[in-house]
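Data first, discussion second: the structure below is written as structure tokens.
The residues of the chain are indexed from 1 along the displayed sequence.
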Amino acid sequence: SVVLFRERSLWAEHWRSILLTLAVLGGQTALIGALLLSRRRRVAAEAGLRDAEQRYRTVAEFTHDWEYWGRPDETFAYVSPSCLRVTGYPAEDFYRRPALLNDIVLPEDRPRWLEHSRIALSETKATPPLEIRIVRADGEVRWIDHACTPVTGEDGRPAGLRGSNRDITDKKRSEETLREALAEIRRLRDRLEADN
């Protein structure tokens, strides 16, 4: 038999609209899920970045030695705060006036320093350490042991030099005292031999 005048169901009447609405809702749910997952990954990456930055900043900012990163144009990308302890000048002075690094080197040591800097900027590997004297802001002369290594960018192009300066004044004074003591011992030994 055929049923006439049957009432049409909601599905039969609106099945296209219902499927379209479900597809849109499914797409929005997938998009929201992807955005939440992306946000979670970004938050985790930012936390990892903050942690890495904190570790490297702690190493750089609280080192006993005076560390710096000089660009190829001889300006500074980074100067550690410990430069104040070693040189008497705050890091800002080196950022403001990059030539200050050359100016504080004792004039007698400056030719060796400038030659070392020239070679270091042209090399692709670390240069041998150099012991030089600097004049602090208060006029005191201090010995430093300078070591530097070329820095390259991710593309392999030169990005400057990473320098490390250690105050070795006490060591140099001890060496001088030892030399004087040895000279005195030689003098006394020679005198004793002459007396004998």
Side-chain angles (χ1 to χ4, degrees), residues 1-102 116-129 144-167:
S1 70
V2 175
V3 178
L4 299 175
F5 307 110
R6 181 188 319 189
E7 287 187 28
R8 294 186 61 172
S9 68
L10 183 64
W11 174 255
E13 197 171 315
H14 301 288
W15 69 274
R16 286 187 184 94
S17 298
I18 292 172
L19 287 179
L20 181 62
T21 302
L22 289 175
V24 168
L25 287 175
Q28 287 180 341
T29 302
L31 182 62
I32 290 170
L35 289 173
L36 288 174
L37 183 62
S38 174
R39 182 175 181 267
R40 177 179 285 170
R41 287 181 181 154
R42 190 187 81 235
V43 167
E46 287 173 354
L49 185 61
R50 278 192 304 275
D51 182 49
E53 182 181 3
Q54 178 64 37
R55 278 183 299 184
Y56 290 116
R57 186 158 300 283
T58 299
V59 169
E61 301 286 325
F62 296 100
T63 182
H64 186 71
D65 297 338
W66 165 28
E67 308 288 337
Y68 68 85
W69 173 14
R71 296 183 185 107
D73 65 359
E74 298 186 16
T75 60
F76 290 100
Y78 176 77
V79 178
S80 69
S82 58
C83 72
L84 179 62
R85 184 188 56 76
V86 176
T87 68
Y89 293 97
E92 294 78 30
D93 288 358
F94 289 93
Y95 290 123
R96 212 174 11 259
R97 191 167 64 100
L100 179 61
L101 178 57
N102 295 334
H116 174 83
S117 297
R118 185 189 64 74
I119 291 170
L121 282 170
S122 65
E123 292 288 323
T124 57
K125 59 185 186 312
T127 55
I144 62 168
D145 181 28
H146 170 78
C148 60
T149 305
V151 176
T152 55
E154 290 181 9
D155 57 359
R157 292 189 337 192
L161 291 173
R162 184 202 178 276
S164 179
N165 299 307
R166 174 169 286 170
D167 187 339

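Within a 6.0 Å sphere centred on CZ of Arg40, other residues, nucleotides and ligands contribute 12 heavy atoms or fewer. A 6.0 Å sphere centred on CD of Glu13 holds more than 12 heavy atoms belonging to other residues, nucleotides or ligands.
With rounding to the nearest 0.5 Å, the separation of CZ in Phe76 from CZ in Arg96 is 13.0 Å. Within the model, atoms CZ of Arg85 and OG of Ser80 stand 9.0 Å from one another, a figure rounded to the nearest 0.5 Å. Taken from OG1 in Thr127 to CZ in Arg118, the straight-line distance is 11.5 Å, to the nearest 0.5 Å. For the atom pair NE2 of His14 and CG of Leu20, the computed distance is 13.5 Å after rounding to the nearest 0.5 Å. Distance CG/Asp145 to CG/Asn165: 8.5 Å, rounded to 0.5 Å. Here Arg39 contributes atom CZ and Leu37 contributes atom CG; the two are 12.0 Å apart, rounded to the nearest 0.5 Å.
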(request) Would you check, one step at a time, whether the test side-chain contact (heavy atoms from CB on, under 4.5 Å) holds for Trp15 with Leu10? (result) CA-CA 8 Å; Trp15 69 274; Leu10 183 64; over 6 Å; no

(request) Decide yes or no on side-chain contact (heavy atoms from CB on, under 4.5 Å) for Leu161 and Thr149, but give the supporting numbers first. (result) CA-CA 6 Å; Leu161 291 173; Thr149 305; over 6 Å; no

(request) Take Asp155 and Arg157 through the test salt bridge (Lys or Arg N to Asp or Glu O under 4.0 Å) and record every step on the way to the result. (result) CA-CA 6 Å; Asp155 57 359; Arg157 292 189 337 192; 3.3 Å; yes

(request) Evaluate the side-chain contact (heavy atoms from CB on, under 4.5 Å) criterion for residues His116 and Cys148: first the C-alpha distance (whole Å), next the side-chain angles of each, then the deciding distance (0.1 Å), finally the verdict. (result) CA-CA 10 Å; His116 174 83; Cys148 60; 3.4 Å; yes

(request) Quick one: do Val86 and Ile144 satisfy side-chain contact (heavy atoms from CB on, under 4.5 Å)? Show the steps, please. (result) CA-CA 9 Å; Val86 176; Ile144 62 168; 4.0 Å; yes

(message) Pair Trp66, Tyr89 - check ring-ring contact (aromatic ring centres under 6.0 Å, His included), show working.
(response) CA-CA 11 Å; Trp66 165 28; Tyr89 293 97; 9.3 Å; no

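In this model, a donor atom of one side chain and an acceptor atom of the other lie less than 3.5 Å apart for Asp73 and Thr75.
Taking each heavy atom of Pro158 and Pro72 in turn, the nearest pair found is O-CG, 3.8 Å. The two atoms that bring Tyr95 and Val79 nearest to each other are OH-N, 2.8 Å, heavy atoms only. For Gly153 against Ala159, the heavy-atom pair with the smallest separation is N-CB, 4.0 Å.
The pair Asp65-Arg166 meets the salt-bridge criterion, since a charged nitrogen lies less than 4.0 angstrom from a carboxylate oxygen.
Annotation: side chain of Phe94 is not in contact with side chain of Tyr78 (no heavy-atom distance under 4.5 Å). Using a 4.5 Å heavy-atom cutoff, the side chains of Glu46 and Arg50 are in contact. The closest side-chain heavy-atom distance from Ser164 to Glu67 is below 4.5 Å. The closest side-chain heavy-atom distance from Glu74 to Leu101 is not below 4.5 Å.
Checked by atom type and distance alone, the side chain of Ser38 never pairs as donor or acceptor with a backbone atom of Ala34 at under 3.5 Å.
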